[in-house]
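Notes to accompany the following structure.
In what follows, chains carry the letters A, B, and so on, assigned in the order in which the sequence lines appear, proteins first and then strands, with residues in each chain numbered from 1. Just so you know, these numbers use all the heavy atoms, side chains as well, and skip hydrogens, waters and symmetry mates.
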Amino acid sequence: MPELPEVETTINGLRILKNKKVIKVKVYTKKLRYNIPDYIHKTITGQRIKEINRIAKYILIKFKNNITIIIHLGMSGRLKILKKNFIKEKHDHLMLYFRDNYVLALNDTRKFSFVDVVETENICNKKYISSLGIDALSNKLSADYIYGKIHKSVVPIKQILLNQHIVAGIGNIYASEILFDAKISPLTLGRDLLADQINQIIKSIKKILKKAIRYKGSSIRDYRSFDGTLGNFQSNFKVYGKAGKKISSYEIIKIIQYGRTTYFCPKIQKEQNSN
DNA sequence: CACTCTCCCTGAAAGC
DNA sequence: TGCTTTCAGGGAGAGT
């Protein structure tokens, strides 16, 4: 579920917790992808949230005592904000109770999410943070940068887009959507991409991700209540999940690349070498 | 080093 | 209908 637009939408929803004080921390499932550190209790109980932001798909909840909770949502994780008379649901693994009856719950069916607790100034010492490439929405993302990373690569562009060490934030759905928008075949190898194509990919990254964020943002009720709905962007998918459907008489197909599904329209998305 | 594959986990959907 | 198999939006770590 959570790629960059979902994470962005989530942190926008979480901002109502700014300045609120944690009065209790409950860990219902310690072992997620990694164990939730035991010291989460004493490091944030009684503390107020200073700010909430993200690095790529990592959510950072920063407290005023210089502690940051880092949350990665994995495949199926989501954060819910609950009010006083909430009911704990299946797969709620961590709950932060705030003054004023707010509760923040991490719910994750598949337990691929993780929660880390670090001193704020040491966030970048975490290997999973420091090894990230440039954020997909950063204006530092340039064709020169991408070219430098991929001009010798024999990996297909679809997989390159999923590589968080190159561009951070794109996931499996938006990778297909971005390449369709750029009219580039997901099979094209990194070293075969032309400068124009790299520029086009960057444009499509911004366009698709921003549009996705806009659609989530337009359904405020969805994320304010954190009811698990995906927002409205699904109906905007052009190719993802649409194998067998047609775009102006050209068929969309599904292939498997590196164990992940890719959807594309071969007639519209050309490989440079096949022309 | 660069690339590829498996695995972590649960449940919905597809297959039989 | 009910049982079995496949697959899912992420990413680390092992293997080649």
Side-chain angles (χ1 to χ4, degrees), chain A residues 1-10 28-36 54-59 70-79 89-94 106-116 126-133 135-136 148-180 186-192 205 208-209 211-213 215-216 222-223 228-244 254-264:
Chain A
M1 188 187 304
E3 302 186 31
L4 188 151
E6 290 76 13
V7 172
E8 184 74 23
T9 302
T10 296
Y28 293 98
T29 309
K30 182 175 170 177
K31 192 191 172 304
L32 300 174
R33 174 180 254 283
Y34 310 118
N35 286 343
I36 299 176
R54 67 166 182 86
I55 296 179
K57 301 177 195 171
Y58 297 83
I59 295 166
I70 303 178
I71 298 174
H72 191 289
L73 295 172
M75 293 271 261
S76 52
R78 63 196 173 101
L79 289 168
E89 293 178 306
K90 203 173 180 184
H91 308 302
D92 283 342
H93 304 306
L94 169 70
L106 170 63
N107 183 286
D108 184 10
T109 312
R110 293 173 70 184
K111 299 182 184 170
F112 293 162
S113 59
F114 76 80
V115 178
D116 205 353
K126 286 285 172 180
K127 198 179 71 215
Y128 56 79
I129 298 289
S130 62
S131 64
L132 288 170
D135 192 274
K149 291 279 186 189
I150 72 171
H151 72 101
K152 291 177 181 167
S153 175
V154 293
V155 176
I157 183 60
K158 162 70 181 341
Q159 196 61 23
I160 289 171
L161 289 180
L162 291 181
N163 184 343
Q164 304 299 304
H165 306 305
I166 299 175
V167 179
I170 300 168
N172 201 46
I173 290 179
Y174 295 116
S176 283
E177 293 296 317
I178 287 163
L179 289 172
F180 174 74
L187 298 165
T188 313
L189 305 186
R191 66 178 180 196
D192 293 334
I205 288 171
I208 297 295
L209 296 184
K211 188 174 174 191
I213 291 169
Y215 272 79
K216 316 275 176 186
D222 285 348
Y223 64 82
T229 57
L230 280 175
N232 292 331
F233 196 74
Q234 283 179 100
S235 52
N236 280 288
F237 293 162
K238 297 284 198 291
V239 291
Y240 188 87
K242 296 191 183 295
K254 169 182 164 176
I255 61 174
I256 306 293
Q257 293 179 288
Y258 293 73
R260 312 297 302 276
T261 55
T262 300
Y263 294 87
F264 76 116

Contact class for [X] (heavy atom, under 4.0 Å): base, sugar-phosphate, or nothing?
X        : answer
A:Ser153 : sugar-phosphate
A:Gln164 : sugar-phosphate
A:Gly171 : sugar-phosphate
A:Phe114 : nothing

**Message:** Is it the case that the side chains of A:Asn172 and A:Lys158 hold a donor-acceptor pair, with the cut-off being a distance below 3.5 Å and no angle test?
**Reply:** yes
Without decimals, in angstroms, what is the distance between [X] [atom1] and [N] [atom2]?
X        : N      : atom1 : atom2 : result
A:Arg260 : C:dT6  : CZ    : P     : 19 Å
A:Lys57  : C:dG9  : NZ    : P     : 11 Å
A:Glu177 : C:dG9  : CD    : P     : 13 Å
A:Asp108 : C:dG9  : CG    : C1'   : 12 Å
A:Ile208 : C:dG9  : CD1   : C1'   : 16 Å
A:Lys126 : C:dG11 : NZ    : C1'   : 16 Å
A:Leu162 : C:dA8  : CG    : P     : 13 Å
A:Asn163 : C:dA12 : CG    : P     : 10 Å

May I ask you to evaluate whether [X] reaches the phosphate of [N], defined as a side-chain N or O under 4.0 Å from OP1 or OP2?
X        : N      : result
A:Ser76  : C:dG10 : no
A:Tyr174 : C:dG9  : no
A:Ser113 : C:dG10 : no
A:His72  : C:dG10 : no

**From C:dA8, B:dC3, C:dA12, nucleotide with atom closest to A:His165 side chain** = C:dA12
Between [X] and [Y], what is the shortest heavy-atom contact and its length?
X        : Y        : value
A:Tyr240 : A:Glu177 : N-OE2, 2.8 Å
A:Pro2   : A:Val7   : CB-CG2, 4.2 Å
A:Leu4   : A:Ala168 : CD1-O, 4.0 Å

**Fill in**
Between the CZ atom in A:Arg191 and the NZ atom in A:Lys152, the distance rounded to the nearest 0.5 Å is 12.0 Å
**Asked** From A:Thr188 OG1 over to A:Ile157 CD1, what is the distance, rounded to the nearest 0.5 angstrom?
**Response** 8.0 Å
**Message:** Between A:Leu189 and A:Ile150, is the side-chain contact (heavy atoms from CB on, under 4.5 Å) condition met? List the steps.
**Reply:** CA-CA 9 Å; A:Leu189 305 186; A:Ile150 72 171; over 6 Å; no
**Message:** Before we go on, tell me: are the rings of A:Tyr128 and A:Tyr58 under 6.0 Å apart, centre to centre?
**Reply:** yes
**Complete:** Expected string for nucleotides 7-14 of chain B under the B/S/- scheme (protein heavy atoms, under 4.0 Å, primed atoms plus P, OP1, OP2 as sugar-phosphate) is -BBBS---
**Item:** Watson-Crick and G-U pairing of DNA chain C written in dot-bracket, each distance under 3.5 angstrom, with | for inter-strand partners
**Value:** .|||||||.|||||||
What integer number of Å spans the [atom1] atoms of [N] and [M]?
N     : M      : atom1 : answer
C:dG9 : B:dC3  : C1'   : 23 Å
C:dT6 : B:dT6  : P     : 14 Å
B:dC9 : C:dG13 : P     : 15 Å

**A:Lys57/A:Glu3 ion pair, N-O < 4.0 Å** = no
**Item:** Pair A:Asp116 + A:Lys126: basic N to acidic O under 4.0 Å
**Value:** yes
